[in-house]
Trainee: 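Can you keep this structure in mind? I'll have questions shortly.
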Amino acid sequence: ALPAAWLVAALATLGSLYLSEIAGLIPCQLCWFQRIAMYPLVALLGVATLRGDVAGAKRYATVFAMVGAVLAAYHYQLERFPSQPTLTCAAEAPCSIPVVNVWGFASVPFMALAAFLLILTVLLLARQAAAPNGD
């Protein structure tokens with residue numbers, strides 16, 4: 001389960017880096033906050049995978065994934081209902097305008113929300129492997 005969660009975090013991180021560094025899209029302030037929640041998950045889940053530390057991954061990565069999911073959900077609803085006031089929008093990168101819109105609903109915050117929720121689901125379903133020394 002941990003390698004799957006790590007893979008989701010790694011793909012989400014690579015996707016966000018592609019959009020900003022290769023496609024040239026400027027991330028809005030809420031996108032930056034979501035990145036702050038996603039990027040550490042690559043390292044946390046990678047180390048937890050190598051160590052087989054499901055309990056540690058649940059303890060630390062769940063917090064990042066939950067915060068990121070809340071931010072992404074707020075950002076997504078802000079895109080869907082852009083007339084609401086917000087303190088996070090900037091003129092050069094407004095939070096309420098989707099820069100990517102796949103299938104008419106899958107924007108960057110939607111994809112981030114899906115990644116955070118998938119990571120949370122995998123972590124919550126992960127079971128600690130039976131350690132031979134009783135740890």
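Predicted, not measured: the structure shown is a model, and the values here were computed from it.
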Trainee: Do you know which two heavy atoms are closest between Phe116 and Ala37, and how far apart they sit?
Mentor: CZ-CB, 3.9 Å
Trainee: To the nearest 0.5 angstrom, please state how far the CD1 atom of Ile26 sits from the CH2 atom of Trp32.
Mentor: 11.0 Å
Trainee: On a heavy-atom basis, which atom in Tyr76 and which in Pro109 lie closest, and how many Å separate them?
Mentor: N-CB, 3.8 Å
Trainee: Indicate yes or no for a side-chain donor-acceptor contact from Glu21 to the backbone of Tyr18 under 3.5 Å, with no hydrogens or angles considered.
Mentor: no
Trainee: Please name the pair of heavy atoms, one in Ala115 and one in Val8, separated by the smallest distance, quoted to 0.1 Å.
Mentor: O-CG1, 3.7 Å
Trainee: When rounded to the nearest 0.5 angstrom, what distance separates CD1 in Ile119 from CG in Leu7?
Mentor: 9.5 Å
Trainee: Looking at OG of Ser16 and CD of Gln34, how far apart are the two atoms once the value is rounded to the nearest 0.5 Å?
Mentor: 10.0 Å
Trainee: Which atom pair, heavy atoms only, marks the closest approach of Leu17 to Arg35?
Mentor: N-NH2, 4.4 Å
Trainee: How long is the span from the CG atom in Leu123 to the CZ atom in Arg59, to the nearest 0.5 Å?
Mentor: 12.5 Å
Trainee: In terms of hydrophobic clusters joined by side-chain contacts under 4.5 Å, are Leu45 and Val47 together?
Mentor: no
Trainee: Between His75 and Cys28, what is the shortest heavy-atom contact and its length?
Mentor: CE1-SG, 3.2 Å
Trainee: Same cluster for Ile22 and Leu19 if Ile/Leu/Val/Met/Phe/Trp/Tyr side chains link at under 4.5 Å?
Mentor: yes
Trainee: In terms of hydrophobic clustering (I, L, V, M, F, W, Y; side-chain heavy atoms under 4.5 Å; direct or indirect links), are Leu118 and Tyr60 co-clustered?
Mentor: yes
Trainee: Apart from Leu120 itself, which Ile, Leu, Val, Met, Phe, Trp or Tyr residues share its cluster (side-chain heavy atoms under 4.5 Å, direct or through members)?
Mentor: Met66, Leu113, Leu117
Trainee: In Å and rounded to the nearest 0.5 Å, what is the CD1 to CG distance from Ile36 to Leu71?
Mentor: 9.0 Å
Trainee: Looking at every heavy atom in both Ala9 and Leu41, which two are closest together, and how far apart are they?
Mentor: CB-CB, 4.0 Å
Trainee: State, with a plain yes or no, whether a side-chain heavy atom of Leu30 is found less than 4.5 Å away from one of Leu78.
Mentor: yes
Trainee: Val70 and Phe110: same hydrophobic cluster, using ILVMFWY side-chain contacts below 4.5 Å?
Mentor: no
Trainee: Going from CZ on Phe64 to OH on Tyr39, what distance comes out if it is rounded to the nearest 0.5 angstrom?
Mentor: 14.0 Å
Trainee: Decide whether Val54 and Leu124 are clustered together by the hydrophobic rule: side chain heavy atoms of Ile, Leu, Val, Met, Phe, Trp, Tyr closer than 4.5 Å, transitively.
Mentor: no
